[in-house]
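Reading through the structure tokens given below for one structure.
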2 protein chains.
Amino acid sequence: MTTAADHHSKIKLLDAAVRIIRLKGYAATTLDDICQEAGVTKGSFFHHFKSKDELAVAAARHFSNCAEQYFALAPFHQNPDPVQRLLGYVDLRAKMLAGEVNEYTCLLGTLVQEAYATKPDIRAACDLGLSQHIDILTRDVEAAKQRYAPNAPWSAESVGCFIQSVLQGSFIFAKARHDPAIARNNLAHLRSYIEQLFRPAVQTG
Amino acid sequence: MTTAADHHSKIKLLDAAVRIIRLKGYAATTLDDICQEAGVTKGSFFHHFKSKDELAVAAARHFSNCAEQYFALAPFHQNPDPVQRLLGYVDLRAKMLAGEVNEYTCLLGTLVQEAYATKPDIRAACDLGLSQHIDILTRDVEAAKQRYAPNAPWSAESVGCFIQSVLQGSFIFAKARHDPAIARNNLAHLRSYIEQLFRPAVQTG
DNA sequence: GGTTTGAAACCGACTAGTAGGTATGGAGCT
DNA sequence: AGCTCCATACCTACTAGTCGGTTTCAAACC
């Protein structure tokens, strides 16, 4: 959640967790790793969190909140055309594919793979974060659909999910290859698919 | 690898590893889990594998080989039209989205998320398996491109990667929701994108 | 055919180290 | 005094890996 009331050390722990879990995975990340990265001790850790799993849930929320804030402030939101906003989102995601793999991948996608069958709380937190992000995308898809493709057979939500799925799949290949090249290609295909879904928009605007 | 010479117990261990790692993730899977599932003892395990990591590499190859064999025998390969073969592949993947989540997801995508930064051998094995699968898809994409879209700006390989990425992303959402519904939607979008890439094929065939 | 033999397969108790979690206490603030 | 925050030492369950020993089985020999 990371409200304003949250303590400095707690936020440092959450940031550390997000970084290391994305790098090593959840089970392979030890509390010592996280404490060291955060520069605090285990005493501090267990003061703020009851368990490792509780940290994971909090980290998922923290990551989700940070991401929402980041995208909410991005300039593409200013564009009056919803299709251009969607394309702007895809282009921003492509621009983010720089630096180390663990810096641009999604904590939620990583976490949920390890947690879905064994840690209901963590799975739910990941699901919530992913769904919230999809909801925001879906709003623009809905607006674009009403304007440019009102009778299309697909739902706005299904397009929002598709966009997120392509991103998540891209991250897997970035990890497998240690290279974001495939991810970039995927976003190019995704971009052209979105353009095609709202073809009148592309021709006129 | 699982050659014909491989012993019964070894194959049982590999099958067990594939099943449990897909369910719990690699780090959370213990050797005792695997041995119990396989119905063998630790002594037998370490007779066949030097370490847990070596098992993971072998399991990645085993999974990859089984998958290749499965798809190689699928009836959609008989279709003379390469576009129909691609659509047949997508339809088969959609049909496979039944039963428990860990039964239809991909071991390689799961494994590589935990291993990419810390276990070079496992990452390489996952990369190889994924790349081989993409190569087979790419052959049909290449044939389809030459026939229906010879001047298209995208490469056949990038389409093969895109197809796989959509699948991998779909698996993540199937895990997050404990439900393959999103995955099905994604494959519907993917299908219509492929149709659009080779539009003349769809109109004439 | 029966026996020997040797290697491959297998068993399971044991170990050393690790990682999540606890107990306790102290510094600083209200 | 009491609360928050944090540090240190410690505990214990667990897990990858070990190791001496047993079983299996087939080829080689008598």
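Every chain is numbered from 1, with letters handed out A, B, ... down the list of sequences. Small disclaimer: the values here were computed from a predicted structure and weren't measured.
A rotation axis mapping the C1' atoms of four pairs onto the next four is fitted at both ends of the helix from dG1(C)-dC30(D) to dT30(C)-dA1(D) over five pairs, and the angle between these axes is 0° to 10 degrees.
Figure legend: cation-pi geometry between K10(B) and F49(B), with NZ or CZ positioned under 6.0 Å from the six-membered ring centre and within 45° of its axis.
Below 30°, between 30° and 60°, or above 60°: for Y89(A) and F76(A) the angle between ring planes is above 60°, a perpendicular geometry. Using a 30° and 60° split on the angle between ring planes, F171(A) and Y104(A) fall in the tilted class, from 30° to 60°. The aromatic rings of F162(B) and Y193(B) stand perpendicular to each other, their planes meeting at an angle above 60°, with 30° marking the opposite boundary.
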Per-nucleotide protein contact string for nucleotides 13-30 of chain C, where B marks a base within reach and S marks sugar-phosphate only (heavy atoms under 4.0 Å, - for neither): ------SBBB--------
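The side chain of T41(A) lies closest to dT8(D), out of dA8(C), dT8(D), dC11(C).
Atom P of nucleotide dC6(D) and atom NZ of K10(A) are separated by 11 Å, given to the nearest angstrom. The NZ-P distance, from K12(B) to dC10(C), rounds to 10 Å in whole Å. In this entry the distance linking CZ of F49(B) with C1' of dA9(C) reads 13 Å, nearest Å.
Contact check, H47(B) against dC10(C): no side-chain N or O comes under 4.0 Å of OP1 or OP2. Close to dT4(D), at under 4.0 Å from its OP1 or OP2, lies no side-chain N or O of H48(A).
With contacts defined as side-chain heavy-atom distances shorter than 4.5 Å, the pair S170(A)/R93(A) does not qualify. Considering only heavy atoms from C-beta on, L108(B) stays 4.5 Å or farther from D127(B) through its side chain.
A distance of 12.5 Å separates CG of L23(B) from CD of E114(A), quoted to the nearest 0.5 Å. With rounding to the nearest 0.5 Å, the separation of CZ in F198(A) from CG in L87(A) is 9.0 Å.
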